[in-house]
A.B. asks: 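First the structure, which I've put down as C-alpha cells, then a few questions once you've had a look.
Letters go in sequence order (proteins before strands), and every chain restarts at 1. Heavy atoms only: backbone and side chains are in, while hydrogens, waters and symmetry mates are out.
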Amino acid sequence: MVRGIRPSIEGLELAGVYKCRCQCKPILIEPTLRRIQRQTRGQRVVTIYRLAKRVVIELSSGDSFVIEPRMTGMMLLSDPPNPAYLRLEWRLRGNGTNRSLWFWDRRGLGTVRLLSKSEMASVLGPSRLGPDALAMTLDEWKSRCAKTGREIKVALLDQKLVAGIGNLYASEILHLAKIDPTARSNELKPRQLRRLHASTAEILNSAIRYEGSTLNDGTYRNALNKTGSYQNSHRVYNRADEICPTCHKAPIQRIVQAQRSTFFCPHCQRV
DNA sequence: CCCCAGTCCTGCGGGC
DNA sequence: TGCCCGCAGGACTGGG
C-alpha cells in the first residue's frame, strides 16, 4: 500500500479531508472530521511509511494520519471495487496537479486517526508494538520467544511480541520454517529460531514483492485496484486437504488456535 | 500472565 | 429459490 501511494502523494499539499457518504455504518475516525479539517488543511505530506500493519502519512505540522486497514481496508488512488464502501477522501494538490487518495473498506473494521508526535509515541510505542517483523534480529527472536509459553502460532499474532505478522502469514512462515504451530514458544530450539527468523523475512518479502494476497472474496487490491498474486504462492493457507507442497506425504490440516484458523502439514511440521 | 468469548461490520458459500 | 449458519487478511476488552 505504502509503495503504491508514495510516489503520487509525497510532497503534495492537503486541500481537504472528506467523509464519503455511504449507507453503511461509519468507521472509526479520530478526532472529529471538523478538527481534522482545521488541523490539516494546507499541510504538506512530508513522508509516507509503513508501521507494522499501519500506513502512516506524516504532515509538515508533525501530525500524522495513521490508517489501520485491518481485514478489508485499502488505500486507493483510482476507482474502487465498489464505491459504496469508500470511507474517507484526502484531496491533494501540488506539482500542477490535483489528486485524491481514498480509504476504502468493505467490512468497516478499519480505522483512521490523526495523531500528534507525542500521541504516536504512546499509542504506537514499544509498550503496544514490538519490533517490526522485518527488522527483528535473531537475538530479538530468541529473547522475545523465550518470554512466553504460548503456542508459537498464537505468539506470532501478538503484536507486542513482534509487529506486522497476520494470521495468513503466520501459517505460511511456520510451514516454511518447519515448526509445529502448537509448539511452545519458549521451548523452540536454536535451529528452529534461526529458521523462524529466516522464514519470516522470506515469506513477508515475497508477499510484498507479489503485492499481497487477494483471497477468494477478491477484496484485496493495490493502490491502483489491481489484485495481488501472492495467493498463488500460498503453501498451506486455505489449502486444507491438499497434499503438502514440501513433503508430498500428508494433506494440509486446518486447526483452530485462539479462535483463528491455522493451516499446517502434520508431517513436515511435526518431525 | 494467559485464556476465552464477545464486539465492531459486511458478504459469501455451504447445507438444508 | 431462499434462509440460516459459520466463517473471513484484526485488534481490543472484560471476566475468570
A.B. asks: Just to be sure I understand the rule, does A:Y169 reach a base, reach only the sugar-phosphate, or reach nothing, if contact means heavy atoms closer than 4.0 Å?
C.D. replies: nothing
A.B. asks: Count the heavy atoms of every other residue, nucleotide or ligand shown that sit under 6.0 Å from OH of A:Y18, and state whether that count exceeds 12.
C.D. replies: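 Atom OH in A:Y18 is packed in, count exceeds 12.
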A.B. asks: If you count every heavy atom of other residues, nucleotides or ligands that lies below 6.0 Å from A:N232 atom CG, does the total exceed 12?
C.D. replies: yes
A.B. asks: Need to verify one output field. Residue with the more 5' nearest nucleotide on DNA chain B, A:N216 or A:P26?
C.D. replies: A:P26
A.B. asks: Please report the distance, rounded to the nearest Å, between CD1 in A:I27 and P in B:dC8.
C.D. replies: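 So the CD1-P distance, A:I27 to B:dC8, works out to 17 Å.
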A.B. asks: Between B:dC2 atom P and A:K147 atom NZ, what is the distance in whole Å?
C.D. replies: 11 Å
A.B. asks: Strictly distance-based, threshold 3.5 Å: is any side-chain N or O of A:R34 a donor or acceptor partner for the main-chain N or O of A:P31?
C.D. replies: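 Judged by distance alone, no pair lies under 3.5 Å.
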A.B. asks: State the dot-bracket string of DNA chain C. Criteria: Watson-Crick or G-U wobble, both atom distances under 3.5 angstrom; notation: ( ) intrastrand, [ ] crossing earlier pairs, | interstrand, . unpaired.
C.D. replies: .|||||||.|||||||
A.B. asks: Have a look at A:R260 and say if it touches a base, only the backbone sugar-phosphate, or nothing, with a 4.0 Å heavy-atom cut-off.
C.D. replies: base
A.B. asks: Which residue pairs pass the salt bridge (charged side-chain N to carboxylate O under 4.0 Å, His left out) test with at least one member in residues 67-89 of chain A, sequence neighbours excluded?
C.D. replies: A:R54-A:E68, A:E68-A:R70, A:E89-A:R91
A.B. asks: What distance, rounded to whole Å, do you find between the two P atoms, one in C:dT1 and one in B:dT10?
C.D. replies: 26 Å
A.B. asks: Of A:Y230, A:Y237, A:Y169, which is the lone residue that meets side-chain hydrogen bond (donor to acceptor under 3.5 Å, both in side chains) with A:S213?
C.D. replies: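 Among the candidates, only A:Y169 passes.
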A.B. asks: Taking all heavy atoms of A:H267 and all of A:K249, pick out the closest pair and write down the distance.
C.D. replies: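 Minimum heavy-atom separation between A:H267 and A:K249: CE1-CD, 3.6 Å.
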A.B. asks: Can you check the A:R106 CZ to B:dC12 P distance for me, whole Å?
C.D. replies: 6 Å
A.B. asks: Walk me through it: do A:E187 and A:R184 pass the test salt bridge (charged side-chain N to carboxylate O under 4.0 Å, His left out)?
C.D. replies: CA-CA 5 Å; A:E187 290 172 2; A:R184 301 282 159 189; 5.7 Å; no
A.B. asks: Applying a 4.0 Å non-hydrogen cut-off, can you work out what A:Q259 is touching in the nucleic acid: base, sugar-phosphate, or nothing?
C.D. replies: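 Contact class for A:Q259: base.
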A.B. asks: Determine the minimum heavy-atom distance between A:N98 and A:R93, stating which atoms define it.
C.D. replies: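 Taking A:N98 first and A:R93 second, the nearest heavy atoms are OD1-CB, 3.1 Å.
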A.B. asks: Which one of A:E30, A:E119, A:Q39 satisfies the side chain to side chain contact (heavy atoms under 4.5 Å, CB included) criterion with A:L114?
C.D. replies: A:Q39
A.B. asks: Assign each of A:N238 and A:K53 to its nearest nucleotide of DNA chain C by heavy atoms, then name whichever residue's nucleotide is nearer the 5' end.
C.D. replies: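 On the 5' side of the pair lies A:N238.
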A.B. asks: Under 4.0 Å between any heavy atoms, over every strand shown, what does A:R87 touch: base, sugar-phosphate, or nothing? Just pick one.
C.D. replies: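 It contacts nothing in the nucleic acid.
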A.B. asks: What is the nucleic acid contact for A:D217, judged by heavy atoms within less than 4.0 Å: base, sugar-phosphate only, or nothing?
C.D. replies: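 The residue A:D217 makes base contact.
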A.B. asks: So where does chain A start and stop touching DNA chain C, 5' to 3', when the test is distance under 4.0 Å to a non-hydrogen atom?
C.D. replies: C:dA8 to C:dC12
A.B. asks: For A:G149 and for A:L109, find the nucleotide of DNA chain B with the closest heavy atom, then tell me which residue's nucleotide is more 5'.
C.D. replies: A:G149
A.B. asks: Syn or anti for C:dG9, taking syn as within 90° of 0?
C.D. replies: syn
A.B. asks: Roughly how many Å apart are B:dA5 and C:dC7, using the P atom of each and rounding to a whole number?
C.D. replies: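 Roughly 12 Å separates the two P atoms.
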A.B. asks: Mind checking the P distance from C:dC5 to B:dG6? Whole angstroms is fine.
C.D. replies: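 The same atom, P, in both gives a distance of 15 Å.
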A.B. asks: Group every Ile, Leu, Val, Met, Phe, Trp and Tyr by side-chain heavy-atom contacts under 4.5 Å, then state whether A:F65 and A:L12 land in the same group.
C.D. replies: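 As far as the 4.5 Å side-chain criterion goes, A:L12 and A:F65 are connected within one cluster.
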A.B. asks: Using a heavy-atom cut-off of under 4.0 Å over every strand shown, decide if A:T219 touches base, sugar-phosphate, or nothing.
C.D. replies: base
